[in-house]
Amino acid sequence: MKNTQGTPARTTDVVLIGGGIMSATLGSLLRQLQPDWDISLFERLDVVGLESSDPWNNAGTGHSALCELNYSPAGPGGSVDPAKAVAINEQFQVSRQFWTHMVSEGHVGDPRTFINQVPHMSFVWGQANADYLRRRHEALKPQPLFDTMEFSEDQDTIAGWTPLLMKGRNPSQPVAASRVEGGTDVDFGSLTRQLTGYLEGTGVNLHFGFDVLDVERASDGRWDVKVKDRASGEVSTVTTKFVFIGAGGGALHLLQRSGIPEGRGFAGFPVSGQFLRCTDPAIVDQHDAKVYGQASVGAPPMSVPHLDTRFVKGERSLLFGPYAGFSTKFLKQGSYLDLPASIRPSNLVPMLAVAKDNMSLTKYLITEVLKNREAKNEALNEFLPSADGDKWELISAGQRVQVIKKAPKKGGVLQFGTEVITSSDGTVGALLGASPGASTAAPIMVELLERCFPANFSGWEPKLKEMLPGYGVELNENPGLASEVRSLTDSVLKLK
């Protein structure tokens with residue numbers, strides 16, 4: 001992909017801010033739903049997909065709630081409610097359908113360059129945790145979207161699923177695992193670049209190396225987007241009918257700059273992270289799964305320990321972590337002033353309320369920051385008793401900016417999901433938050449289109465139904481269609 005040369009066009013129909021999976025997905029949808037619209041994309045780096053969409057900056061799990069225990073926590077009396085897990089899985093099925101359409105139409109390349117089948121497992125130790133995992137399995141197994149889930153408390157069975165997990169483990173230690181063979185690993189960086197390549201081929205104006213400085217309402221009701229060419233220093237303004245602020249951690253500042261009432265009161269809490277990575281084939285070949293465990297007390301859901309098989313540029317590796325940390329940056333290549341610069345009178349109360357109510361999180365982050373390499377290796381050995389820390393390299397992951405929002409009575413809450421924010425007139429859309437994020441990009445962007453373009457949406461629905469065979473249907477409530485859609489996506493995405 002090449003950067004569009006020269007000063008950006010003065011007017012356009014749509015401006016996409018940020019070159020991640022969200023902007024790439026929204027642009028790809030709009031290009032097919034409304035091909036006559038002029039679209040411009042602005043990315044501050046020289047290549048798209050290098051922040052949260054980069055494969056080394058995220059877990060690439062293809063979040064479908066098959067293995068992530070925080071989507072189905074134990075409730076009162078130990079009961080497990082499957083509703084949230086089902087909802088997350090439904091969303092991921094929409095993303096799979098969208099990717100299937102893009103592959104079928106030749107808009108992106110070989111699906112194995114961005115998605116591969118990797119079993120999804122949950123793994124716990126200790127009798128209380130094993131009892132919880134059994135109840136979780138009992139709650140999810142009857143759901144059509146989870147009907148292939150297996151469960152075992154037998155060490156030999158679990159070792160058959162993934163030998164590395166059980167090697168060197170105390171044979172008397174109570175353990176339990178669940179497994180879904182049809183899980184996935186997704187390289188969202190590769191997918192983002194392929195989607196953006198499709199946009200370039202259809203005439204979308206791509207601008208790399210541009211900082212977006214301001215988003216301001218123009219006198220005629222449109223939006224003036226002020227951009228700066230980082231190479232030349234030239235500043236110019238693009239006037240547009242619609243702005244999507246999909247700049248990852250950088251979205252909050254631009255949402256605040258827009259001044260829309262719907263964006264007031266939001267704040268961000270940045271969390272950084274590190275992983276241990278192993279590329280030794282003798283070790284990597286012993287493990288073929290994404291295995292999620294239980295989060296530590298007080299830890300955010302994004303800090304759940306997990307051991308992942310990753311496919312990046314055709315190479316297999318293992319990733320263990322994350323080791324959470326704290327930085328005031330909102331982007332990996334951002335500024336240490338990001339957090340203080342985001343504080344406003346409208347979000348100060350929510351921030352203070354969250355600080356007061358999340359002392360355990362603060363303690364957890366301090367503990368994590370103070371961990372030396374030896375302590376990190378000990379955490380690895382708790383998950384993998386036979387692991388040799390010297391064969392694992394420490395890498396820095398991306399920044400995650402958790403959403404802080406106003407809440408009645410409490411003042412503010414820390415939210416660990418994603419938040420779609422749209423202006424009342426539908427001319428601005430923004431996305432804040434983290435996991436499940438990238439995995440649910442397609443349904444999130446369809447929701448944004450419905451909210452921002454109500455006059456157009458009914459005319460787009462026939463095309464959406466063509467692109468998404470299960471559009472508008474709860475697959476978990478329609479087992480026949482669910483089976484049909486999963487078979488189609490498995491086939492086209494080469495997951496069998």
Side-chain angles (χ1 to χ4, degrees), residues 56 58-61 67-70 118-133 152-179 185 271-310 316-326 363-397:
W56 299 125
N58 63 62
T61 304
C67 59
E68 307 94 326
L69 302 180
N70 52 294
V118 174
H120 282 196
M121 292 178 57
S122 303
F123 177 72
V124 299
W125 53 88
Q127 195 56 56
N129 289 333
D131 291 343
Y132 153 69
L133 194 61
S152 180
E153 296 178 71
D154 178 68
Q155 287 205 8
D156 290 338
T157 300
I158 299 171
W161 292 344
T162 168
L164 195 62
L165 199 62
M166 303 307 297
K167 189 175 180 180
R169 190 170 294 278
N170 184 341
S172 64
Q173 182 182 52
V175 296
S178 61
R179 177 178 184 257
D185 172 75
V271 179
S272 60
Q274 295 178 317
F275 282 89
L276 290 174
R277 178 172 63 188
C278 179
T279 57
D280 185 343
I283 299 172
V284 173
D285 291 347
Q286 296 180 56
H287 184 79
D288 181 30
K290 289 181 180 288
V291 185
Y292 274 57
Q294 286 275 43
S296 303
V297 175
M302 61 166 288
S303 296
V304 171
H306 50 94
L307 175 67
D308 287 5
T309 294
R310 297 303 320 264
R316 277 171 53 100
S317 61
L318 297 182
L319 207 64
F320 176 78
Y323 300 97
F326 178 76
K363 180 181 177 181
Y364 166 78
L365 288 175
I366 293 172
T367 302
E368 286 287 289
V369 169
L370 294 177
K371 275 186 179 178
N372 58 22
R373 180 57 193 267
E374 183 179 354
K376 290 179 169 67
N377 287 347
E378 289 175 1
L380 171 66
N381 286 132
E382 190 174 20
F383 216 87
L384 287 180
S386 65
D388 179 355
D390 291 339
K391 295 184 178 180
W392 296 69
E393 63 174 320
L394 188 66
I395 65 172
S396 295

Side chain to side chain, Leu384 and Leu165, heavy atoms closer than 4.5 Å: yes
CG-CZ distance between Leu319 and Arg277, expressed to the nearest 0.5 angstrom: 7.5 Å
Note, Asp156 side chain near Met166 side chain (heavy atom, < 4.5 Å): no
Heavy-atom donor-acceptor pair, Arg310 side chain to Trp56 backbone, under 3.5 Å: no
Inter-residue atom distance Tyr323.OH - Leu394.CG, 0.5 Å rounding: 8.0 Å
OG on Ser396 to CZ on Phe275, rounded to 0.5 Å: 11.0 Å
N/O donor-acceptor pair under 3.5 Å between His306 side chain and Glu68 backbone: no
Backbone N/O of Cys67 and side chain of Arg179: donor-acceptor pair under 3.5 Å: no
Heavy-atom donor-acceptor pair, His287 side chain to Ala289 backbone, under 3.5 Å: yes
Check: Gln286 side chain, Ala282 main-chain N or O, donor-acceptor pair, under 3.5 Å: yes
Approximate separation, where rounding is to 0.5 Å, of Asp280 CG and Leu318 CG: 9.5 Å
Polar side-chain atom of Lys290 near backbone of Met121 as donor-acceptor pair, under 3.5 Å: no
Spatial distance of atom CG (Leu380) from atom NZ (Lys391) [nearest 0.5 Å]: 12.5 Å
Expected output: side-chain Glu153 to main-chain Asp131 donor-acceptor under 3.5 Å: no
4.5 Å side-chain heavy-atom contact, Tyr292 and Thr61: yes
Side chains of Lys376 and Phe320 in contact at under 4.5 Å (non-hydrogen atoms): no
Shortest non-hydrogen contact between Ser178 and Leu133, atoms and distance: N-CD2, 3.8 Å
Taking every non-hydrogen atom, the tightest pair across Val284 and Arg316: O-NH2, 3.2 Å
Shortest non-hydrogen contact from Ser317 toward Thr279: CB-CG2, 4.0 Å
Backbone N/O of Ala177 and side chain of Ser152: donor-acceptor pair under 3.5 Å: no
Any residue meeting ring-ring contact (aromatic ring centres under 6.0 Å, His included) with Tyr132, in chain and number order, not counting sequence neighbours: none
Flag, side chain of Gln294 to backbone of Leu69, donor-acceptor distance under 3.5 Å: no
For the student: nearest non-hydrogen atoms of Arg169 and Pro385, plus distance: NH2-CD, 3.5 Å
Rounded distance (nearest 0.5 Å) linking atom CG of Leu276 with atom CZ of Phe383: 12.5 Å
Donor-acceptor pair, side chain of Asn381 and main chain of Ala387, under 3.5 angstrom: yes
